[in-house]
> 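I have a structure I would like to understand better, so I am pasting it below and will then ask my questions one at a time.
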Amino acid sequence: MRHGGQILVDALKANGVARVFSVPGESFLAALDGLHGSGIRNIVCRHEGAAAMMAEAHGKLTGRPGVAFVTRGPGATNASAGVHVARQDSTPMILFVGQIARADRDRDAFQEVDYRAMFGPLAKWVAQIDQTERIPEYLSRAFHLAVSGRPGPVVLALPEDMLSARAEVPDIPPPAAALAAVAPESVAALAEALAGAERPLVIPGGTLWSQAAADDLARFAASWGLPVAVPFRRQGHMDNAHPNYVGDLGVGMNPALGQALAQADCLLSLGARLGDTLTRGYELMDPVRPQARVIHVHPAPDELGHLWRPDPGLVADPRAVVAALAALPAPRRWDDWTAGLRAAYEAWQQPQPTPGAVRMEAVVRWLSDTLPEDAVITNGAGNYAAFVHRYYRFRRWGSQLAPTSGSMGYGLPAAIAAKLQHPGRTVVCMAGDGCLQMTMNELSTAAQHGAAVIVLVANNGRYGTIRMHQERSYPGRVSGTDLANPDFAALARAHGGFGENVTRQEDFAAAFARARAAGTLAVLDLRLDPEALSTGATLTETRAAGEAGAVRDR
């Protein structure tokens with residue numbers, strides 16, 4: 001006879017879980033007891049939103065569900081931020097939520113929440129385990145669902161009395177790997193459709209990817225002469241130094257690449273959903289009047305025809321499909337089309353100077369030129385991230401951890417998860433001053449668990465992205481976008497780490513070397529000129545454009 005917490009933890013072990021992320025609560029004490037001595041490492045976090053984001057980042061890195069435990073009510077509502085990231089980013093994840101005792105349900109008890117109603121729109125499946133002996137059954141289904149079709153989050157509520165009760169029940173083995181074979185005639189149909197194109201684009205996306213898939217894609221693109229453009233924050237899907245890689249389609253994309261998308265007559269989507277960020281709000285490609293034929297490969301049948309009419313469509317693992325395509329002889333080549341797009345990408349990568357003594361374009365280019373190919377770069381949301389998208393060359397799959405959902409505060413939790421998973425790799429968190437302060441308390445988590453991440457703070461004293469839009473729409477009327485910041489470097493030192501302020505570009509390389517050599521949590525506070533708003537716009541220019549637009553509107 002085992003109590004429910006032990007049954008649950010044994011099920012996690014059976015499914016290969018080695019690490020969970022949590023903020024403890026009295027509602028799941030039995031699960032905490034089960035974790036004691038289990039060999040599963042419990043990473044104790046400071047906020048449930050960050051714990052869920054760490055679990056999501058772990059899912060991105062491994063392809064297996066990241067696991068988080070949070071308590072009922074406020075804990076669950078805090079964690080919803082990470083569940084939303086997992087949903088929009090198609091990341092496998094399981095969130096366990098402590099729940100009130102079963103006898104108190106529907107009495108508006110202390111911290112009671114209807115989790116099916118709350119998480120229903122965000123998760124692939126939400127359920128409550130009311131019978132202790134059914135824990136293995138529920139967990140088996142959760143691990144299956146989180147990775148099947150379009151991967152995503154699963155939420156399971158755990159009534160505290162159910163967890164503490166005892167039952168005699170066998171464990172269920174982990175899910176068997178699904179058959180991944182793709183029929184030769186299906187691959188031939190894709191190849192035939194692609195061969196008829198004049199201006200094709202290959203767009204790999206989603207979380208079902210690997211380094212082997214990235215290598216297969218490079219071989220396929222090279223032999224066929226095809227250009228490859230990745231969706232927003234999927235730049236690790238192909239070596240950016242490869243001559244057939246032509247850039248990323250997303251927020252702040254190269255205008256020349258956006259124009260190419262509008263001109264393309266055929267898109268081969270390998271796991272991508274082709275959504276609004278990729279199409280610039282459907283301006284470059286309209287689902288009502290698509291100018292391009294869409295050959296759509298996706299693991300979830302519901303995605304085919306969801307926005308775009310597939311011609312043809314194939315429900316399959318994109319990794320298996322790209323491997324099969326790479327093995328086919330090339331029916332034709334599009335070398336001139338691809339070379340032109342690659343030249344536009346190379347030109348876009350030439351740094352455009354921004355104002356200030358510390359310049360983000362120089363920082364990111366230095367990182368790109370200096371860091372090892374397996375270094376992991378993480379970020380949340382903000383204009384600072386556009387410098388990463390534009391100037392950093394990702395060389396390997398798994399080297400970019402960033403939310404396609406555009407969630408602020410993601411960079412630091414993701415970096416901690418990455419460093420715990422890959423302690424021997426360099427992990428750099430790029431964060432704006434506003435973005436970092438969303439989850440800055442996780443510096444304590446990094447220090448406690450020995451996650452020696454290097455945090456680079458793009459410090460301009462404002463919510464820069466919102467300020468940019470504010471100046472465009474309401475020039476000169478600053479409202480709600482200025483920040484009073486702490487001494488970020490001092491905070492790192494207060495947590496026993498390394499901290500340094502960088503006020504001159506020529507000092508950055510040496511400061512980074514010291515941060516790296518410290519072997520601890522490190523924060524470099526990059527003091528930026530507030531005049532620099534983005535990779536290609538200044539505050540003065542943006543305000544002037546806003547004022548000119550206001551005059552035209554009048």
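Computation of the quantities below employed the complete heavy-atom set of this structure, encompassing side-chain atoms and omitting hydrogens, waters and symmetry-equivalent molecules. Numbers for residues simply follow the sequence, beginning at 1. This one's a predicted model, so the numbers in the text were calculated from it and none came from an experiment.
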> Give a yes or no on this: more than 12 heavy atoms of other residues, nucleotides or ligands lie within 6.0 Å of atom CD of E192.
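Open.
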> Please identify which of these residues, N460, N379, L456, meets the side-chain contact (heavy atoms from CB on, under 4.5 Å) condition with Y384.
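With Y384 as partner, side-chain contact (heavy atoms from CB on, under 4.5 Å) holds for just one option, N379.
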> Can the positive tip of R199 be found less than 6.0 Å from the middle of the six-membered ring of W334, inside 45° of the ring normal?
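That pair does not qualify as a cation-pi contact.
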> Ignoring hydrogens and angles, write down the donor-acceptor pairs under 3.5 Å from the side chains of residues 297-307, residues two or more places apart or on other chains.
unit_1, atom_1, unit_2, atom_2, d
H298, ND1, A300, N, 3.1

> Could you tell me whether R543 and E547 make a salt bridge, using a distance below 4.0 angstrom between a side-chain N and a carboxylate O?
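Answer for the salt bridge query: no.
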> Where do N383 and T465 land on the side chain to side chain donor-acceptor pair (under 3.5 Å) test, with the steps shown first?
CA-CA 5 Å; N383 273 2; T465 304; 3.1 Å; yes
> In residues 363-371, what donor-acceptor pairs under 3.5 Å come from side-chain atoms, sequence neighbours left out?
unit_1, atom_1, unit_2, atom_2, d
R365, NH1, Q349, O, 2.7
S368, OG, R393, N, 3.0
T370, OG1, W366, O, 2.7

> For H237 and G206, indicate whether the former's side chain and the latter's backbone hold a donor-acceptor pair under 3.5 Å.
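Side chain of H237 to backbone of G206: a pair is present.
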> Is P231 close to L249 at the side-chain level, that is, under 4.5 Å between some pair of heavy atoms?
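No - every pair of side-chain heavy atoms lies 4.5 Å or more apart.
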> Using 4.0 Å as the upper bound for N to carboxylate O, is an ion pair formed by D529 and R359?
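No, this pair does not count.
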> Counting N and O atoms only, with roles assigned by atom type, does the side chain of Q421 sit under 3.5 Å from a partner on the main chain of H58, one being a donor and the other an acceptor?
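No, because the side chain of Q421 does not come within donor-acceptor range (under 3.5 Å) of the backbone of H58.
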> When you look at D433 and Q437, which way does the side chain to side chain donor-acceptor pair (under 3.5 Å) test go after all the steps?
CA-CA 6 Å; D433 45 357; Q437 289 183 84; 5.7 Å; no
> Identify whether the distance between the nearest side-chain nitrogen and carboxylate oxygen of R396 and D374 falls below 4.0 Å.
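Answer for the salt bridge query: no.
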> Working note: R309 + D311, criterion salt bridge (Lys or Arg N to Asp or Glu O under 4.0 Å); need CA distance, chi angles, decisive distance, verdict.
CA-CA 6 Å; R309 175 182 174 272; D311 184 20; 3.8 Å; yes
> Without swapping roles, check the side chain of T538 against the backbone of E541 for a donor-acceptor pair under 3.5 Å.
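Here the side-chain-to-backbone pair exists.
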> Using side-chain heavy atoms (C-beta onward) and a distance below 4.5 Å, is M238 in contact with P204?
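Not in contact.
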> Got a second to check how far M440's CE is from L412's CG, nearest 0.5 Å?
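Between atom CE of M440 and atom CG of L412 there are 10.0 Å.
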> Taking the side chain as every heavy atom from C-beta outward, state whether P312 and R293 have any atom pair closer than 4.5 Å.
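Side-chain contact under 4.5 Å: yes.
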